[in-house]
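Whatever order the structure lists them in is the order used to number ligands and atoms, beginning at 1.
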Amino acid sequence: MKIMSGNSNLPLARAIAAYLEIPLTDASVRRFADDEIFVEIHENVRGEDVFIVQPTGFPANDNLMELLICIDALRRASAKRITAVVPYFGYARQDRKPGPRTPISAKLVANLMTEAGADRVLAVDLHAGQIQGFFDIPTDNLYAAPVMAADIQARYGDQDLMVVSPDVGGVVRARALAKRLDNAPLAIVDKRRDRPGESEVMNIIGEVEGRHCVMIDDIVDSGGTLCNAAEALLANGAKSVAAYITHGVLSGGAVARINGSKLTELVISDSIRPTEAAEKSDRIRILTMAPLVGEAIRRIADESSVSSLFD
Ligand code: R5P
């Protein structure tokens, strides 16, 4: 087995390699003067089971292109099997046509990975589980839930907990986490705009008064969803509000928004390499996915069960 990395999240790739007690494959991913990407693998990979670690977060297009070129280089170097390890799958939110004459970019990205030569895909908390069906190659979707649940239990286990989905779309994910927390009660933030042009109203479904709320979601991007939901929960009597979100996209002024929000803390994973601002924020904490992803890689290589990781 070999672990190779692009430039998107080297610290995570190194931590995965350390978990597996193997060195990262010696390769360089460089840029020509005109920004074209050039990949060179400096060791033999012929007949090897190769895992290329490259989440496709910001800059999404560069990181995606890098991944495709790495896969192409591995295929042409006769790797036996190539697994694209994409802890954050960019473009996943474009998984359906929101209107006429719009693309389904998540499907296009799946086609590109397959066409480049990936034999398998390993992702974490895909925005929608159905994205697995966009691939005709085996696709494993890992859940950050066990890592998040263990941390929630350690930090907030002795308090009156309420798991909250910050929008209706995330209920299944939040419910699954609540189940891991000894069936903690579940509340839902329901955003409604009754008429176009009218401001959004937040209805809280569930009794949050006097509870310590933990919001669960897959992505924090601008931070708007979380900050607004936190205000609504506190206005409805919640004692405190924290958030556990797998993918810290945190674009634009998101870190500043979180720092100035009413959230006690935002916990994200390292599926995307955290920015310096996120690392410096005393409101943001980062949990590593390296042991989980590393263990899944070991099991894929050994051809043993991956799903039993979540039993
Ligand atoms: C949406 O379906 C996702 O699960 C997140 O709720 C969303 O991407 C968060 O975006 P933002 O942080 O920009 O509100």
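- The two atoms that bring Tyr244 and Leu287 nearest to each other are CE2-CD1, 4.5 Å, heavy atoms only.
- Taking the six-membered ring for Trp and the full ring otherwise, the centers of His247 and Tyr88 sit less than 6.0 Å from each other.
- The atoms of ligand 1 that sit less than 4.0 Å from any heavy atom of His127 are 1 (C), 2 (O), 3 (C), 4 (O).
- Remark: minimum distance from atom 13 (O) of ligand 1 to any protein heavy atom is reached at Ser222 OG, 2.6 Å.
- In Val249, neither the side chain nor the backbone holds a heavy atom less than 4.0 Å from any atom of ligand 1.
- Across Arg298 and Leu20, no two heavy atoms sit closer than the pair CB-CD2, 3.8 Å.
- The side chain of Asp218, and not its backbone, has at least one atom closer than 4.0 Å to an atom of ligand 1 (non-hydrogen atoms only; side chain from C-beta on).
- Taking a cut-off of under 4.0 Å to the non-hydrogen atoms of Asp167, the atoms of ligand 1 that pass are 6 (O).
- Distance from atom 8 (O) of ligand 1 to its nearest protein heavy atom, with residue and atom name: Arg93 NH1, 3.2 Å.
- Between Leu122 and Leu142, some side-chain heavy-atom pair lies under the 4.5 Å cut-off.
- For ligand 1, the atoms lying closer than 4.0 Å to a non-hydrogen atom of Asp221 are 10 (O), 11 (P), 12 (O), 13 (O).
- Shortest non-hydrogen contact noted between Phe89 and Ala110 is CZ-N, 4.5 Å.
- Looking at atom 9 (C) of ligand 1, its nearest protein heavy atom turns out to be Ile219 O, 3.5 Å.
- A salt bridge links Asp151 with Arg285; the closest basic N to acidic carboxylate O contact falls under 4.0 Å.
- Of all the atoms in ligand 1, the ones that sit under 4.0 Å from a non-hydrogen atom of Thr225 are 9 (C), 10 (O), 11 (P), 14 (O).
- For residues 5-53, the set of pairs meeting the ring pair (Phe, Tyr, Trp, His ring centres under 6.0 Å) definition, not counting sequence neighbours, comprises Phe32-Phe38.
- The Gly223 neighbourhood of ligand 1 comprises atoms 11 (P), 12 (O), 13 (O), with distances under 4.0 Å to a heavy atom of that residue.
- Ligand-side atoms of ligand 1 in range of Asp217: 4 (O), 5 (C), 6 (O), range being under 4.0 angstrom from any heavy atom.
- Salt bridge status for Asp221 with Arg93: present, with a side-chain N to carboxylate O gap under 4.0 Å.
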